[in-house]
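Below is one structure, written out as structure tokens; comments come after it.
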Amino acid sequence: IQESGRDGVRIEINDTTAPPSGSARHVITQPGSYYLSGDIDAGTLNGIEIATGNVTIDLNGYTLRGTGRAGITPPEADQTDDLYEGLIVRNGHIEGFLWGVLTFDENIIVQRGFITAQQAIAGTLLEDLVVEDSEFGIEVRNGVVRSCAVRGRRSGIVAIFCTVTDCQVTMLPSPLAFKTGINVSSSTVVNCTVDTTNAQEDLGLRGFALFSSNCSTSTTRGIGQGFIMGVGSVANGCASYHAAGNDINPSAIVNNSNF
């Protein structure tokens with residue numbers, strides 16, 4: 001089924017347009033604008049694998065759920081080196097996977113600001129998503145994460161070479177210690193909140209070369225630090241409500257912030 005939309009002709013995700021594989025409920029192999037027409041249960045498989053560039057997925061308010069490795073991800077690593085560019089995912093729920101959205105595999109290498117990897121997606125835009133009941137919520141490199149709500153057990157948002165704006169992260173209870181709400185490198189974080197009240201020994205916002213504005217991290221448990229700011233980091237108008245304090249590198253710049 002195809003329909004017209006703001007991205008042009010849109011393609012319904014089904015077993016014909018995005019056939020299943022041994023590792024995923026659906027695999028997209030052709031560029032285009034895709035949408036869901038109902039909830040998808042991937043079982044123990046990945047949800048949707050992206051094996052091409054220039055793909056837009058409108059979840060259309062529906063839920064992609066499963067217990068597999070990732071809800072949306074490139075194919076798992078094989079013997080080829082693939083870098084797909086231009087992924088947009090918006091407007092829906094991703095629930096229950098180990099990773100909600102994972103745009104690179106474990107073998108990724110970042111050199112001089114460019115991505116080389118066996119399997120990766122660059123130029124990603126994630127917006128208006130709710131990612132919940134995952135160990136790791138969103139992990140993305142070279143992209144934008146905007147207006148997303150993430151509820152994760154071990155990490156909320158991990159971003160490298162990214163802009164993260166207007167996001168809310170809530171850390172869920174987990175027996176593991178030293179988890180992080182938002183963990184970034186060479187990225188900008190604006191108007192985001194992290195709540196670690198329900199978790200133990202969590203870190204709120206952590207980054208190297210982090211540029212943060214109007215962000216806050218809070219807990220009522222008094223366990224875990226609020227902001228960890230490494231070399232080259234800047235915070236403007238931020239607030240941390242953690243009894244354990246913060247860890248600010250001497251080279252970091254903090255302006256108009258409540259630490």
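- Taking the side chain as every heavy atom from C-beta outward, Q30 and I11 never approach each other to under 4.5 Å.
- Side-chain atoms of I28 and Y34, non-hydrogen and from C-beta on, do get closer than 4.5 Å to each other.
- Using a 4.5 Å cut-off on side-chain heavy atoms (C-beta onward), S155 and N183 make no contact.
- Taking the side chain as every heavy atom from C-beta outward, N191 and T165 never approach each other to under 4.5 Å.
- In this structure, OG1 in T180 is found 7.0 Å from CE in M171, a value given to the nearest 0.5 Å.
- H26 pairs in a side chain to side chain contact (heavy atoms under 4.5 Å, CB included) with only one of the listed residues (T17, L64, I40), which is I40.
- Contact record, G68 with N46: C-OD1, 4.5 Å, taken as the closest heavy-atom pair.
- Rounded to the nearest 0.5 Å, atoms CG (L45) and OG (S23) are 7.0 Å apart.
- Two residues are said to be in side-chain contact when any heavy atoms from C-beta on lie closer than 4.5 Å; T52 and T29 fail this criterion.
- Between the side chains of E95 and T63, not a single donor N or O lies within less than 3.5 Å of an accepting N or O.
- S257 contributes a side-chain N or O that, together with a main-chain N or O of C238, makes up a donor-acceptor pair within less than 3.5 Å.
- When each of T44, I48, D15 is paired with R25, the side chain to side chain contact (heavy atoms under 4.5 Å, CB included) condition holds for D15 and for no other.
- Looking at H93, R153, R151, R65 one by one, the single match for side-chain hydrogen bond (donor to acceptor under 3.5 Å, both in side chains) with D133 turns out to be R153.
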Practice item. Walk me through it: do E12 and Y35 pass the test side-chain contact (heavy atoms from CB on, under 4.5 Å)? Key: CA-CA 5 Å; E12 180 186 353; Y35 70 96; 3.6 Å; yes
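- Closest approach of C192 and I182 over heavy atoms only: CB-CD1, 3.9 Å.
- Residues I157 and V169 form a side-chain contact, since some pair of their non-hydrogen atoms from C-beta on lies under 4.5 Å apart.
- Judged by distance alone, the side chain of N60 and the main-chain N or O of L36 form a donor-acceptor pair under 3.5 Å.
- Put simply, OG1 on T56 and CG on L87 are 7.5 Å apart, with the number rounded to the nearest 0.5 Å.
- Note that the CZ atom of R90 and the SG atom of C148 stand 11.5 Å from one another [nearest 0.5 Å].
- Proximity of a side-chain donor or acceptor of S134 to a complementary backbone N or O of F97 within less than 3.5 Å is detected.
- Distance OG1/T124 to CD/E139: 12.5 Å, rounded to 0.5 Å.
- Y62 and V131 fall within a single hydrophobic cluster, where Ile, Leu, Val, Met, Phe, Trp and Tyr side chains are chained together by heavy-atom contacts under 4.5 Å.
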Review point. So V190 and T163, side-chain contact (heavy atoms from CB on, under 4.5 Å) or not? Walk me through it.
Key: CA-CA 8 Å; V190 180; T163 299; 5.6 Å; no
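- Between the side chain of S187 and the main chain of F161, a donor-acceptor pair closer than 3.5 Å is present.
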Point to revise | Trace of the side-chain contact (heavy atoms from CB on, under 4.5 Å) decision for L59 with I94 | key: CA-CA 9 Å; L59 298 180; I94 301 172; 4.0 Å; yes
Exercise for review: Decide side-chain contact (heavy atoms from CB on, under 4.5 Å) for L129 and V89; before the verdict, give the C-alpha distance in whole Å, the side-chain angles of both, and the deciding distance to 0.1 Å.
Suggested key: CA-CA 8 Å; L129 298 177; V89 184; 4.1 Å; yes
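- A donor atom on one side chain and an acceptor atom on the other are not found under 3.5 Å apart for N91 and D128.
- A heavy-atom distance below 4.5 Å is not found between the side chains of D195 and T193.
- Inter-residue side-chain proximity for L126 and R146 is flagged as unmet; no heavy-atom pair is nearer than 4.5 Å.
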